[in-house]
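In what follows, chains carry the letters A, B, and so on, assigned in the order in which the sequence lines appear, proteins first and then strands, with residues in each chain numbered from 1. Only this structure's heavy atoms are used, side chains among them; waters, hydrogens and symmetry mates stay out.
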Protein chains: 2
Amino acid sequence: MKPKIRLCVEHPLGPGQPVALTREQAHYLFGVMRLSVGATVALFNGRDGEWSAEVVDAGKRGGTLECREQTAPQGSPPDLWLCFAPVKKTRTDFIVEKAVELGVRRLLPVQTEFTNSERIRRDRLQAHAVEAAEQCGATFVPEVAELVRLDRLLAGWDGARQILFCDEALAGQDAPLSGLAPGPWAVLIGPEGGFSQPERDRLRGMDAAHPVALGPRILRADTAAVAALVLWQTRLGDWQ
Amino acid sequence: MKPKIRLCVEHPLGPGQPVALTREQAHYLFGVMRLSVGATVALFNGRDGEWSAEVVDAGKRGGTLECREQTAPQGSPPDLWLCFAPVKKTRTDFIVEKAVELGVRRLLPVQTEFTNSERIRRDRLQAHAVEAAEQCGATFVPEVAELVRLDRLLAGWDGARQILFCDEALAGQDAPLSGLAPGPWAVLIGPEGGFSQPERDRLRGMDAAHPVALGPRILRADTAAVAALVLWQTRLGDWQ
C-alpha cells in the first residue's frame with residue numbers, strides 16, 4: 001500500500017489551476033520519487049482543501065502541475081495552541097511533528113527559566129511542520145511562532161484562552177481534566193527541568209490556567225506534550 | 001535542578017546490601033558522571049523498590065555501592081501489553097521509551113504482513129527500556145519479548161486479555177472506547193502501511209479485540225502507540 005504523494009504549496013488551488021514547482025519540489029517529485037508527466041500528486045495550501053494535480057511539465061530545476069479536482073475539503077484543527085519549551089533538537093522536532101499529527105492550530109516555542117536553548121531555528125521547525133502535514137494527510141499547517149519568554153507571553157495573555165498547564169509536581173495526583181469548558185485553549189509544557197517555583201506560582205494565580213497531572217510516572221517533555229494533546233483532543237477536541 | 005542518578009541493577013536490594021557494579025556502570029558513574037566515594041545513587045531492580053545507595057568503592061573497571069534506605073516501594077504498571085510492529089530504528093526506540101514512561105507491563109514486537117523488519121535487536125530494545133525506566137523514575141522495567149508473527153500471536157491468544165486494536169481505517173469515525181471492561185489488556189499497533197485486510201478481518205472476528213479510532217488525522221505508528229497508551233491509561237489504567 002503505497003502512500004499517496006502529498007505536497008504543501010503556496011499557490012491558490014482550483015479547477016485547472018497551474019502550479020509551478022520550486023526547485024526543491026521538482027527535485028523531490030522527479031529526482032527522488034521518479035514521477036514523470038501524467039503522474040498524479042495531492043496538493044494543499046492550508047486554504048483551499050486538497051486537490052489532485054497532474055504533472056504537465058517535469059524538469060530538473062522546476063516543473064508544473066495542473067489541478068484536476070478537489071479531493072478533500074479544507075480542514076482545520078480545533079483552536080488549540082501548543083506552548084512548549086524547546087528541548088534537544090530531535091525531541092523538539094518530534095514535538096512539532098506529533099503536534100501537527102494530533103491537531104493543533106499554532107505552535108509557540110517558549111523560553112522558561114530552566115529552558116536551555118536561547119534560540120530556535122523557526123524556519124526549520126516550520127518546514128518540519130509542513131512535512132508532518134504532508135505525511136499525515138492534513139490540509140492545515142500550524143504556524144510556528146518566534147521564541148517568546150514565558151513571562152512576556154503570560155503578561156499579554158488573553159484570558160479567554162484557557163491553559164492546560166502540565167505540572168510534573170502533580171505526578172501521581174488526580175487529573176482534574178473533567179468539567180473543563182470548551183473554547184480556545186493552549187497546552188503548556190515546560191522543559192526537562194520543569195517550571196521554576198515563581199513560574200508555577202504565576203500560573204497557579206491565573207484564572208485561565210488549569211494544572212493537570214499526567215499519570216504517576218515522570219514524563220519527558222516530549223512525551224508530556226503528546227500525552228496532554230491526546231487528553232485534550234479526546235475530552236474537548238475533534239477526537240471526541 | 002539536577003536529576004538524581006538512577007541505576008537499574010540485577011542484584012537484590014536491602015538494608016546494607018553491597019552491590020557490585022559492572023564495568024559499564026562504573027564507567028558511567030565514575031567516568032561520565034564523575035561521582036566519587038560517598039556520593040549517593042538511586043538503585044532499583046524491578047523487585048525491591050528504589051533504594052538510596054552510597055558509593056563505597058570507585059574504580060575504573062568496577063566499584064561497589066551499599067544500600068542505605070528504601071526511597072520508594074516497588075511499583076508496577078497496570079497489566080497492559082503493547083504489541084507493536086517494529087518501524088524504523090529511531091521510531092521503534094521511541095515507541096519503547098514512551099511505553100515505559102506511560103506505563104506498560106510487557107512489550108511485544110509483532111511482525112505483520114506489511115512490517116518491513118524481519119528481525120529486531122531484542123537486547124538493544126531491552127537496554128533501551130532499562131534506560132527509559134532509569135530516566136522516568138519507574139521501579140519497573142517491562143520485558144521486551146522476541147519478535148513474533150501476528151498470526152501466531154493471535155492463534156495462541158488468551159481470550160481473557162482484551163485487545164485495543166488501533167485501526168487507521170477508522171480515522172475520523174467514533175472512538176468506541178467508553179464502556180470497556182477493566183482487566184488485562186493489550187494495545188495493538190500496526191506498521192506504517194497499516195494492517196492487511198486478512199489481518200483486519202481476523203481481528204474483527206475476535207471477541208477480545210476492540211477497534212478504536214485515534215482522531216480524524218492519519219497518525220504515524222509511533223504517534224498511534226503513544227496516543228493509544230494515553231487513552232487506555234486515562235480510561236482504564238493508573239492515570240484515572
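The CG atom of Leu102(B) sits 6.0 Å away from the CG atom of Leu219(A) when rounded to the nearest 0.5 Å. Atom CD of Glu97(A) and atom CZ of Arg220(B) lie 4.5 Å apart (nearest 0.5 Å). If you take CG on Leu229(A) and OG1 on Thr223(B), they are separated by 11.0 Å, rounding to the nearest 0.5 Å. Distance check, rounded to the nearest 0.5 Å: CZ of Arg91(B) to CZ of Phe94(A) gives 8.0 Å.
The shortest heavy-atom contact between Trp239(B) and Pro216(A) is CD1-CD, 3.7 Å.
Ranking Gly103(B), Ala132(B), Gly137(B), Gly75(B) against chain A, the residue ahead of the rest is Gly103(B), based on heavy-atom pairs under 4.5 Å. Of the listed residues Asp238(A), Val226(A), Asp222(A), the one with more heavy-atom pairs under 4.5 angstrom with chain B than any other is Asp238(A).
Taking a 6.0 Å sphere around CZ of Arg47(A), one finds it holds more than 12 heavy atoms contributed by other residues, nucleotides or ligands. No more than 12 heavy atoms of other residues, nucleotides or ligands lie within 6.0 Å of CZ in Arg152(B), so this atom counts as exposed by the packing criterion. Few gaps surround CG on Asp151(A); more than 12 heavy atoms of other groups in view lie less than 6.0 Å from it. When the shell of 6.0 Å around CD of Glu10(A) is examined, it contains 12 or fewer heavy atoms from other residues, nucleotides or ligands.
Proximity of Ile218(A) to Glu101(B): side-chain heavy atoms (C-beta onward) are nowhere separated by under 4.5 Å.
Between the Arg217(A) side chain and the Cys136(B) main chain, no donor and acceptor come within less than 3.5 Å of each other.
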